[in-house]
Amino acid sequence: MVKIKLPGGIEKSFQKNITVRDVSGDDVFKNREPAIAGKLNSRIVDLDFPIESDTTLDLVMPNSNEGMEILRHSAAHLMAQAVTRLYPNAKLGIGPSIKDGFYYDFDLEQTLSQEDLEKIEEEMLKIAEEDLPYKRLEEPRTVAIERMEKANQSYKVELIKGLEDETVSFYQQGDFIDLCKGPHVSSTKNTGVFKLLSLAGAYWRGKETNPMLQRIYGTVFTNKKALAKHLKVLEEIKKRDHRKIGTALDLYSFHDKGGPGLVFWHPKGAAIRNVIETFWRSEHYARGYDILYSPHIAKIDLWKTSGHLDYYKDSMFSPIEVEGQEYILRPMNCPFAILMYQSSLRSYRDLPLRWGELGTVYRYERSGVLHGLLRVRGFTQDDAHIFCRPDQLQDEIEGVLDLALFMLNCFGFDEYEIELAVRGKGNEEKYIGENENWILAEEALTAALNKKQLDFARMEDEAKFYGPAIDIKTKDALGRGWQGPTIQVDFNLPERFDINYIGSDGIQHKVVMLHRTVIGAMERFLGCLIEHHAGNFPLWLAPIQVRVLPISDKFNDYALETKNKLSKAGIRTEVDTKSAKIGFKIREGTLEKIPYLLIVGEKEVEDEAVSVRSRKSGNEGPIPLSQFILRVEDEVRDKA
RNA sequence: GCUGCUGUGGCUCAGGGGUAGAGCACGUCCUUGGUAAGGACGAGGUCAUGGGUUCAAAUCCCAUCAGCAGCUCCA
C-alpha cells in the first residue's frame with residue numbers, strides 16, 4: 001500500500017503501483033473535469049504513471065499553464081508523426097511547446113509550402129481519430145543511441161549524446177517514436193484543437209553555422225472557442241501592424257532609392273513626431289535637463305577612444321573618407337556629450353549635468369533584421385547623459401525613473417515590468433570597472449527602485465559589460481511587451497575618456513556617467529504607438545485633430561472661418577471642401593481616424609455652432625464653437 | 001547574413017510565352033446632398049533591375065536589389 005496526500009489535506013491509502021489516472025477517479029476529485037496529467041511532489045507525470053511510494057498528488061488540469069504546456073508539446077509530437085508519415089525520410093530536430101503554441105524542426109529533402117501545412121493538418125486529424133496512446137518507455141543511453149542511429153535520426157543521436165542521464169525516455173504513439181522527457185496527454189485523441197500557422201527556416205540548435213531546418217509553427221487549445229479566440233487575436237495583431245497603418249494613414253515611407261531601414265517622415269508622421277519632441281523638450285527642461293545638438297559624424301579616432309570601433313564595429317557603417325581622414329557615422333551619441341563635458345573644467349558644484357539630446361544615429365543592421373519602424377538603420381534616440389558625483393547617483397536614478405514612468409503614462413502605457421540587470425556571480429571578470437563601483441551602482445539602482453516602491457526582477461549576469469542597468473518593459477493594448485526606458489550606469493567611458501571633476505578637496509575625481517532613454521527611439525516608439533492605439537492616436541498626438549466638413553460648398557466660408565478659429569487656438573485643423581456628400585466626407589474622416597469631425601451646414605451657421613462627430617462616440621450633435629474649443633483644449637491638456 | 005516566399009499604375013490585388021486588368025485613390029464635368037461610399041468621363045504602368053532561353057518574355061531560367069515569415073544578431 002502507498003499513502004497519498006491529496007488536495008485539501010486528505011490522506012488516503014492505495015494499492016502500490018496504482019496509476020495517477022486511477023487515483024484521479026477518487027471521490028476527492030469527483031467535481032473536477034478529467035485531468036491531463038498528475039503532479040507528484042510537484043513533479044509532473046503522465047496519467048499512466050504508477051505510484052510506488054508515499055507521495056503527494058495533485059492533478060494538472062487541461063486549461064492550467066502546466067496543462068497547456070503538455071497539450072502543446074503533445075501536439076508537436078502529433079505533428080511530427082504526421083510529417084513522418086507523409087515524408088518518411090524526415091529527420092527530426094526538436095519540437096518544444098512555446099508561448100501560445102508549439103513548433104517542430106525537420107530536415108526534409110523537399111521544401112514545404114503553405115499547402116503542405118494543410119495536408120499535414122489533415123494527417124494530424126486522422127491520427128487523432130486513431131486514438132493512439134502516448135506510451136512512455138525508458139532505455140539505457142547506449143540502446144537509445146543505437147535505436148536512433150538505426151532510424152537514421154542523426155539529430156536525435158546528437159541530442160542523446162549530449163544528455164548526462166544513463167537512462168533516456170521515449171514516447172511512442174502508434175508507428176511514431178520520439179526522444180522526449182514528457183509528460184504527454186494520454187492519447188492522440190486528446191490532443192486538443194490545433195492549427196498549423198506558419199513555416200520558417202531555423203538553424204539546428206540556433207547556431208548560424210549549423211544546417212537550416214524547416215520549422216513548422218502551430219497552435220493548440222482545449223476547445224474550438226479558445227482556438228478561434230486566439231486566431232482572432234492574431235488577426236487583430238495583423239490589423240494593427242504599424243507598417244499597414246503607417247501607409248494607410250500616410251505617416252511615413254521607405255524607398256528603394258533611399259535605402260533599406262531609412263525612414264522618410266511624411267507631414268502627418270512628422271506632425272506626431274513633432275508633438276512628441278516638443279513635449280519631450282519641455283518636460284526635460286522642467287526637470288533640470290539641458291538640451292544638446294551634436295554632429296552626425298566624427299573622426300575615426302573618437303570611436304577608437306570610445307571603444308566602439310573595437311566592440312561595435314559590426315554594427316557601424318563603413319568609414320567615410322574626406323581629405324585623407326576617416327570619419328564614422330555615429331552609432332551612438334555618448335562620445336559627443338563627453339567631448340562637450342571636456343570642453344571646460346568641471347567642479348563638483350556643476351554636477352549633476354543632465355544633458356539630453358534627440359540624437360540621430362546610424363547603425364548597420366543586418367538586412368534580415370530590418371522591420372518597419374521597429375528595426376531601422378537610421379533613428380533618433382531620446383538620449384541623455386547624466387554626469388554626476390557618486391553621492392548623487394541614487395537621486396539621479398530616482399529622477400530618471402520618475403520621468404520615465406510619467407512619460408509612459410502620458411503615452412497611454414500603464415502596464416510595465418522592471419528588470420534590474422546586474423553582474424552574474426562568479427564571472428565578474430567579464431565586466432569592466434572597479435568592484436566597489438559596481439557595488440555602489442547596484443546599490444544606488446536598487447535603493448532608487450525601492451524608494452519608488454517599484455517591483456522589479458533581478459536579472460543576474462544581464463548587465464552590460466560597462467555597468468548595471470534598469471530596463472523597463474512596457475505592455476501594449478494587446479499585452480505584448482516592448483523595450484521601454486533604460487537607465488545604464490557606465491564605468492567604461494569615463495575611464496576611456498578620463499573625464500573628471502574637481503572635488504571640494506581640490507583634487508580630480510572620476511565622474512559617474514548615466515546613459516538613459518525614456519522612449520528609446522522616435523522611430524520604434526512611433527511604431528509601438530501605432531500598434532498600441534491601432535492608429536487611433538489620442539487627441540494630443542493626432543496629426544489632424546479636427547476636420548471641418550461643410551454640408552455643401554455654400555458653407556465653405558463658414559467652415560474656413562471655423563478652421564481659422566481652431567487653428568488660432570493651436571488646434572491642428574483641416575477643412576474638406578470637396579464637392580462630395582456629407583456621408584462620403586464622414587467616411588473618409590473616419591477611415592483616417594481623425595478624432596473630431598465637425599459638420600457645418602445651415603443650422604450651424606445660424607447658431608455659430610458646430611455639429612460634433614467624435615471618433616469615440618459618433619454623432620454628438622451641435623454645440624457652440626467656443627465651447628468645442630474649450631473641450632478640445634481640455635482634452636489635449638489631459639492627454640486623454 | 002541564412003532558409004523559404006513575394007515584387008504588376010499612389011494603395012490593395014487579379015492575370016500570365018503573342019506587346020496589360022479591377023477596385024480604391026487621382027483629374028474634369030454633372031450633382032449642393034445632414035452623419036460611413038451620388039453619377040459620367042478621363043489620365044496614369046518599359047509588369048523591381050540586369051542578363052539569358054525563345055521568332056516572341058511581364059510571364060520560363062539565372063543573378064542582383066527590395067519586401068515578407070522566421071532563424072541568428074541587437075557591445
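Since the structure is predicted, the reported quantities are computational estimates derived from the model, not experimental observations. Just so you know, these numbers use all the heavy atoms, side chains as well, and skip hydrogens, waters and symmetry mates.
- Here Asp256(A) lies in heavy-atom contact (under 4.0 Å) with sugar-phosphate atoms only.
- Atom C1' of rA69(B) sits at a distance of 47 Å from the matching atom of rG33(B), rounded to the whole Å.
- The separation between Phe584(A) atom CZ and rA37(B) atom P is 10 Å, rounded to whole Å.
- When rounded to the nearest whole Å, the span between CG of Asp250(A) and C1' of rC26(B) equals 14 Å.
- Of the possible donor and acceptor atoms, one in the side chain of Arg524(A) sits under 3.5 Å from a partner among the backbone N and O of Leu374(A).
- The listed nucleotides are rU35(B), rA66(B), rG34(B); the one nearest the side chain of Arg613(A) is rU35(B).
- Using a 30° and 60° split on the angle between ring planes, Phe254(A) and Tyr252(A) fall in the perpendicular class, above 60°.
- Taking the six-membered ring for Trp and thresholds of 30 and 60 degrees, Phe525(A) and Phe413(A) have ring planes inclined between 30 and 60 degrees apart.
- Between the Gln153(A) side chain and the Ala90(A) main chain, a donor and an acceptor come within less than 3.5 Å of each other.
- On the P atoms, rG21(B) is 14 Å away from rG42(B), given to the nearest whole Å.
- In this structure, CZ of Phe465(A) is placed 13 Å from P of rC74(B), rounded to the nearest angstrom.
- With both ends at atom P, the span from rU32(B) to rU49(B) equals 47 Å, rounded to whole Å.
- Base engagement by Leu591(A) is indicated by at least one non-hydrogen atom pair under 4.0 Å involving a base atom.
- Taking the P atoms as reference points, rC71(B) lies 29 Å from rC61(B), given to the whole Å.
- Counting any heavy atom pair closer than 4.0 Å across all strands shown, Thr111(A) reaches sugar-phosphate atoms only and no base atom.
- Distances were taken from every side-chain heavy atom of Met212(A) (C-beta onward) to each of rU32(B), rG34(B), rG70(B); the shortest belongs to rG70(B).
- Side-chain atoms of Glu604(A) and base atoms of rG34(B) include a donor and an acceptor less than 3.5 Å apart.
- Ring orientation note: the planes of His515(A) and Tyr466(A) are tilted relative to one another, at an angle of 30° to 60°.
- Aromatic rings of Tyr431(A) and Phe465(A) (six-membered ring for Trp) have centroids beyond the 6.0 Å cut-off, not under it.
- In terms of phosphate contacts, Ser552(A) brings no side-chain nitrogen or oxygen within less than 4.0 Å of OP1 or OP2 of rG33(B).
- In this structure, of rG33(B), rC71(B), rU35(B), it is rG33(B) that holds the atom nearest to the side chain of Lys554(A).
- Here Lys239(A) pairs with Glu236(A) in a salt bridge; the nearest charged N to carboxylate O distance falls below 4.0 Å.
- Each of rU35(B), rA69(B), rG38(B) was ranked by its minimum atom distance to the side chain of Lys581(A); first place goes to rG38(B).
- If you check every strand for non-hydrogen atoms under 4.0 Å, Glu602(A) touches a base.
- Note: CD (Glu592(A)) to C1' (rC24(B)) measures 13 Å, nearest angstrom.
- Within the nucleic acid shown, Ser113(A) has no heavy atom closer than 4.0 Å to any nucleic acid atom.
- The separation between Tyr558(A) atom OH and rU32(B) atom C1' is 19 Å, rounded to whole Å.
- Remark: the Tyr364(A) side chain and the rG1(B) base include no donor-acceptor N/O pair separated by less than 3.5 Å.
- Across rU12(B) and rC26(B), the matching C1' atoms stand 16 Å from one another, rounded to whole Å.
- At a threshold of 4.0 angstrom between heavy atoms, the contacts of Lys585(A) with the nucleic acid are absent.
- rG52(B) and rU6(B) have their P atoms separated by 25 Å, given to the nearest Å.
- Between Ala200(A) and Leu112(A), it is Leu112(A) whose nearest contact on RNA chain B lies nearer the 5' terminus.
- Atoms NZ (Lys257(A)) and P (rU64(B)) sit 22 Å apart, rounded to a whole Å.
- Under a 4.0 Å N-O distance rule, the pair Glu208(A)/Arg366(A) qualifies as a salt bridge.
- Contact of Arg205(A) with rC71(B) (side chain to base): no donor-acceptor pair of N or O atoms is detected under 3.5 Å.
- In the set rA69(B), rU72(B), rU35(B), rU35(B) carries the atom at the smallest distance from any side-chain atom of Ile586(A).
- Considering only side-chain atoms of Ser579(A), the nucleotide from rC73(B), rC2(B), rU31(B) that sits closest is rU31(B).
- At a threshold of 4.0 angstrom between heavy atoms, the contacts of Gly583(A) are confined to the sugar-phosphate backbone, with no base atom among them.
- Both tests hold for Arg215(A) against Tyr103(A): distance to the six-membered ring centre under 6.0 Å, angle to the ring axis within 45°.
- Taking only side-chain atoms of Arg587(A), from C-beta outward, the nucleotide of rA36(B), rU35(B), rC73(B) with the closest atom is rA36(B).
- Nucleic acid contact for Arg375(A): base, since at least one base atom lies under 4.0 Å from a heavy atom of the residue.
- Closest to the side chain of Ile582(A), out of rG33(B), rU72(B), rU35(B), is rU35(B).
- Among the nucleotides rC11(B), rC71(B), rG34(B), the one closest to any side-chain atom of Thr247(A) is rC11(B).
- Here rG4(B) presents its C1' atom at 12 Å from CG of Leu117(A), a figure rounded to the nearest Å.
- Toward the 5′ end of RNA chain B lies the nearest nucleotide of Ser367(A), the other residue of the pair Gly201(A) and Ser367(A) mapping further downstream.
- Counting any heavy atom pair closer than 4.0 Å across all strands shown, Arg366(A) reaches a base atom.
- Pairs of Watson-Crick or G-U wobble type, with distances under 3.5 Å, assemble into runs of 3 or more in RNA chain B at these ranges: B:1-7 with B:65-71, B:10-13 with B:21-24, B:26-30 with B:38-42, B:48-52 with B:60-64.
- Rounded to the nearest Å, the gap between the P atom of rG45(B) and that of rA20(B) is 12 Å.
- Here rC73(B) presents its P atom at 18 Å from NE2 of His371(A), a figure rounded to the nearest Å.
- Taking 4.0 Å as the cut-off between side-chain N and carboxylate O, Arg363(A) and Glu523(A) do not count as a salt-bridged pair.
- Salt-bridge annotation for Arg480(A) and Glu531(A): present, with a side-chain N of the basic residue lying under 4.0 Å from a carboxylate O of the acidic one.
- Between the C1' atoms of rG67(B) and rU54(B), the separation comes to 31 Å (whole Å).
- Across all strands, Tyr217(A) comes closer than 4.0 Å only to sugar-phosphate atoms, never to a base (heavy-atom distances).
- Contact between the side-chain N/O atoms of Arg524(A) and the OP1/OP2 oxygens of rC74(B) is not found at any separation under 4.0 Å.
- Gly206(A) comes within 4.0 angstrom of the backbone, heavy atoms only, and of no base.
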